[in-house]
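Sequential numbering from 1 along the given sequence is applied to the chain's residues. Keep in mind it's a predicted model, so treat the numbers as computed, not measured.
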Amino acid sequence: MVIALAVAWNVSVPTGTAAEWTLKAAPPDLVLETPDQAAALYKAGGFQAVAGDSVNRYQAGDLWLAVELPEPVMQGPGSVLSVRPATLPNVELYRLTLSGKVVSAGAAGMKVPRAEWPMVARGPVFVLDKQPQYSPTVLVKVSARQFALAIVKVETAAQHHLASEQEVFLLGCVLSLAVVTLVASLLAWRVSADGEFLLWAGQALSGMFYIAYSHGLIVAYLPAMPHEVHAYAFWTTVAVMIWTISAFGARFLDFKALHPQYPRVINVLALAAAPLAFISVWQGWGTALVRSTQAGLIVLFTVGVAWQIWRGHPLARRYGVVALLLTVSGIPFLLLQVGLVPVTHLSLNAWQYALAACDLVLLRELVSRFLQQRRRANEAQIHLQNLLLDEKAQLEQRVVERTAALVQANEELERAELQQRELLSMASHEFRSPAAAIQTTLEALEYLREPIPSVMQDRLDHLQAAARRLSFLANRLIEHDRWRERSLQVHIESLDLRSWLIDVLGDYPDGLPLSLDLPSEPLWVRVDPVLMRIACQNLIDNALNQAPKGEAQVRIQLRAEAASFRLSVSDNGPGVPDEFKLKVFDRFFSQKASLRNGLGLSIVRTVAQLHGGDAHVTDAPPRGACFTITLPLKGAEDQSASTMSLTQ
């Protein structure tokens, strides 16, 4: 931006410049109605010379100017007369003939249709052709109410073209900067959803439209519209620009920290610009009311920025100079429009350059915030990566610790199981020896010569049943040790389950609450008698343990079906809850609610599966549980080579 301004400012001016010309103006207290009255007053010497090339003052009627051109200008190939600003409503050009007659040379301005303009331009521009019948003086009428502002310039065609290029170049730089600020602010708002960036975008957009209107771009390149439409649109743009700049500045520099009501006063004063502008256009009062709100805002902002700089606000200290430049640059522009300062390039365009500097500040702040946000995001990402690495290291450490604990627990479990197996093996062998001795002695008593009394015989029978029970328990412990040796092979034999089940119950002492429900005919199947005996007695023992003491009822039932048979053992205990029915056959399952635990039921299911069947549990009405072994009647021969591990 700085390079562009420097290049545009130092473009060399071509040599053939226009000679000096003189600008005169009619007295401000006279009201001239017609061009002839103006010409007569000029011939009578009533026009007063103006210092410089501009007039800004209050007056009674329209502004009449006389431009006295030297002879070289009139004899040249063509000169250009332009009147600024570009927003003038109506500018009329009249030429005087040598005989003193006034001839209209055209009109331009916002109230004049563009098709009637003497040439296509961004404002009132007229070409002074060389015509010998005209005098070297032209009259210019600028329509005005109360306050009149006009800047007249007479140039050669080359000078006008070069000046237009410089102005367009500068204007393009300022507008391009505003467009970049607008796009960047909208992107920042879209990403962050922060409403402050919408104020930035509104400031850039309204400033861009205001500059375009002030330099005639809107009037020159948009479709023709009535002057009233342009006037309302222009002042709407002015009001929006005043409000967005005010709201943005108050929020950006944190004026609320000075006093809670400070930003509200600024917003109320800024919002008042819109209705005052519409009323002024409607009633034709000029711009005094709107300029008064601008003056009040300039004072408030100057005080607020200076106060924040003194308080050490970081943004105020960083951008306070630019903020003061933007507010102070409006002062000469306001004074120019009320005739208190002369029209110069600085007083007319300083606020535009200050606005461009403000856009640069916004872009710098956007880039700064973007880089800061990116730096914070990178720091957050690095922090998260470090956290993940720490968590990973801690997790690995915990895994190592848990693995070591599991290995230790497994070793302790294996030692405990080994000790348990050794204890069971020792106990089983210790049980078998006295049980065998007792049973041998009892069998020897059968061969005594003297008859044994019946009472004593009953007791001996019970003692012999107990010895057989003790032998069986010892055998079960030995079989259990075989199971713990990881595999067990099935030995299939033909067996009458009806007789076999009666023999199994003979291992239990009389008086137990056991009832049998057997088929009327023998039921021949092929099973492993030892394994089936273990499974059946496990079910009976489990039922006796679960039945209530003194009221126990255990029922053993055998039933044959078309392709299978069922051996069921039911009790009147607490039963098995539904949520435990699938787990009760698991090894070492323990649940206080079910009171059924250990290896017994898991052995039952394993025996059933070794024979090609399965075991399941159901409710036994009215209360209790019913455990059932279901085995196929045929195909048992195929299971003779089957093996299964207890660990499965």
Study note, to complete from the structure: When every non-hydrogen atom of Val240 is compared with those of Ser206, the smallest separation belongs to CG1-CB, 3.9 Å
Practice item. Could you tell me whether the side chain of Trp64 reaches within less than 4.5 Å of the side chain of Phe47, counting heavy atoms only? Key: yes
Exercise for review: Mind listing the closest non-hydrogen atom pair of Ala201 and Leu186 along with its distance?
Suggested key: CB-CD2, 3.8 Å
Review point. Which pair of non-hydrogen atoms, one from Trp243 and one from Leu271, has the smallest distance, and what is that distance?
Key: CD1-CD2, 3.1 Å
**Study point:** Residue pair Thr22, Val67: steps toward the side chain to side chain contact (heavy atoms under 4.5 Å, CB included) verdict
**Key:** CA-CA 6 Å; Thr22 304; Val67 182; over 6 Å; no
Check your understanding: Does a donor on one side chain and an acceptor on the other come within less than 3.5 Å for Tyr42 and Glu68?
Key -> yes
**Study point:** Salt-bridge criterion met for Arg374 and Glu379 (N-O under 4.0 Å)
**Key:** no
Review point. How would you list, by chain and number, every residue that makes a side chain to side chain donor-acceptor pair (under 3.5 Å) with Thr34, sequence neighbours excluded?
Key: none
Exercise for review: Tell me yes or no: between the side chains of Ser135 and Thr137, is some donor less than 3.5 Å from an acceptor?
Suggested key: no
Point to revise | Candidate pair Gln308 and Arg311, rule side-chain hydrogen bond (donor to acceptor under 3.5 Å, both in side chains), full reasoning | key: CA-CA 5 Å; Gln308 285 291 68; Arg311 295 178 70 246; 2.7 Å; yes
Exercise for review: Flag the pair Asp53 and Lys153 as a salt bridge only when some basic side-chain nitrogen lies within less than 4.0 angstrom of an acidic carboxylate oxygen.
Suggested key: no
Check your understanding: Looking only at heavy atoms, what is the nearest atom pair of Leu23 and Ser54, with distance?
Key -> CD2-N, 3.9 Å
